[in-house]
Amino acid sequence: MTTTTTVTRAEYCVVACAEAWRDNGEILAAAMAPVSSFGARLAKRSFSPDLLLTDGEAMLVGLDGQVEGWLPYRRHLMMVTGGKRHVMMGASQIDRHGNQNISCIGDWSRPARQLLGVRGAPVNTLNNPVSYWIPKHSPRVFVERVDMVSGVGYDRAAAAGAGRFHRIPRVVSDLGVFDFETPDRSMRLASVHPGVTVDQVRQATGFDLVIGDDVPHTREPTAEELRLIREVIDPKGLRDREVRV
């Protein structure tokens, strides 16, 4: 039986990540971290049953993790370039227009820190929907200007005439949910997780967010969603290691 304990911040984050894939249909849901992966699995088990899940390497998997099919690299690339994937990436830096950096911190000629490199971020962001999961919201991550563009934001996609398939449905952090539903496609605070204030989000962000007069709370998980998270999807509680309050 599901316990009646208070919903944790991590559980709100799982639900918020799951919502990124609502009504996405039969596409590949790719996630890069535990909480976002749990969100993809929750979405498939509840309101987006047609989602395809991957083990992150070469296989399509079912809800129980059993292999259902082979996903060779060429087929994966076809899904990306054909817009049949919605990936939820991380970000070492992200700015007001959704430009993402996972490559380096500091000037390119002499970076203070070398990170992953751009990887597939440019192709992802220009060919299929890309959302972001950021487990530690801070001014060092939500920055005025990224040190290097890995994932393309709305302003750069528009300037390059490459906005046809570009879309960033949402950004989820441990403080709230963000979107780009504004006239100039700058980041907007869509909801705060219960226990978080708008001022906390504002102080933890290195640029001026678009903030409405009445920011709602991130939606509550249903009793069935809580049962799935706690008993089926993440019974070991790995979500609480990623989101620490």
Side-chain angles (χ1 to χ4, degrees), residues 17 20 30-37 56-57 73-74 76-81 83 85-180 182-189 200-211 242-244:
C17 287
M32 308 296 182
V35 164
S36 55
S37 178
E57 297 198 13
Y73 195 59
R74 63 181 180 275
H76 200 145
L77 286 177
M78 287 176 65
M79 297 181 82
V80 172
T81 56
R85 186 176 78 150
H86 181 171
V87 60
M88 183 169 281
M89 291 195 293
S92 300
Q93 293 178 327
I94 191 167
D95 68 20
R96 70 175 69 246
H97 290 292
N99 294 291
Q100 170 242 35
N101 175 25
I102 53 172
S103 185
C104 66
I105 301 298
D107 186 83
W108 171 254
S109 61
R110 293 195 66 178
R113 184 175 303 170
Q114 177 66 51
L115 305 174
L116 291 173
V118 296
R119 312 283 289 192
V123 175
N124 288 340
T125 49
L126 292 178
N127 286 278
N128 53 228
V130 172
S131 293
Y132 293 101
W133 158 240
I134 300 169
K136 185 62 176 178
H137 193 126
S138 79
R140 297 176 63 181
V141 179
F142 287 75
V143 296
E144 182 67 37
R145 182 182 178 87
V146 297
D147 292 337
M148 179 180 175
V149 176
S150 302
V152 180
Y154 278 101
D155 56 343
R156 289 177 178 270
R164 182 179 178 187
F165 302 112
H166 175 272
R167 188 162 70 89
I168 307 173
R170 65 171 42 196
V171 177
V172 181
S173 81
D174 61 330
L175 298 185
V177 179
F178 309 82
D179 61 27
F180 298 86
T182 55
D184 66 346
R185 293 294 195 179
S186 58
M187 194 182 293
R188 179 185 73 138
L189 177 59
Q200 280 180 283
V201 177
R202 185 182 287 114
Q203 292 170 15
T205 305
F207 55 84
D208 290 332
L209 282 164
V210 177
I211 300 177
E242 191 171 13
V243 181
R244 299 179 183 273

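Keep in mind that what you see is a predicted model, and the values were worked out from it rather than measured.
Evaluation of the salt bridge (charged side-chain N to carboxylate O under 4.0 Å, His left out) rule for R202 yields D199 as partners, not counting sequence neighbours. Scanning for salt bridge (charged side-chain N to carboxylate O under 4.0 Å, His left out) contacts around D179 gives R188, with sequence neighbours left out.
Taking each heavy atom of I102 and A121 in turn, the nearest pair found is CD1-CB, 4.5 Å. In terms of heavy atoms, M32 sits closest to S36 at N-OG, 3.6 Å. The two residues I168 and G98 come nearest to each other via the heavy atoms CD1-O, 3.7 Å. Listed here is the closest heavy atom pair of M187 and F207: SD-CZ, 3.9 Å. The shortest non-hydrogen separation linking W133 to C17 is CE3-SG, 3.9 Å.
No donor-acceptor pair under 3.5 Å is formed between the side chain of Q93 and the backbone N or O of V143. With N101 contributing its side chain and C104 its backbone, the two residues share a donor-acceptor pair below 3.5 Å. For the pair Q100 (side chain) and G90 (backbone), a donor-acceptor distance under 3.5 Å is present. Judged by distance alone, with hydrogens and angles left aside, the side-chain atoms of T125 form a donor-acceptor pair with the main-chain N or O of V152 at under 3.5 Å. For Q114 (side chain) and S103 (main-chain N/O), a donor-acceptor pair under 3.5 Å exists by modelled atom type. Distance alone, capped at 3.5 Å, is enough to place a donor-acceptor pair between the R185 side chain and the F180 backbone.
Taking the side chain as every heavy atom from C-beta outward, V118 and M148 approach each other to under 4.5 Å. H86 has its side chain within reach of S131: a pair of non-hydrogen atoms, C-beta onward, lies under 4.5 Å apart.
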- Query: Step by step, would you call R85 with N127 a side chain to side chain donor-acceptor pair (under 3.5 Å)?
  - Reply: CA-CA 9 Å; R85 186 176 78 150; N127 286 278; over 6 Å; no
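Using a 30° and 60° split on the angle between ring planes, F142 and H137 fall in the parallel class, below 30°.
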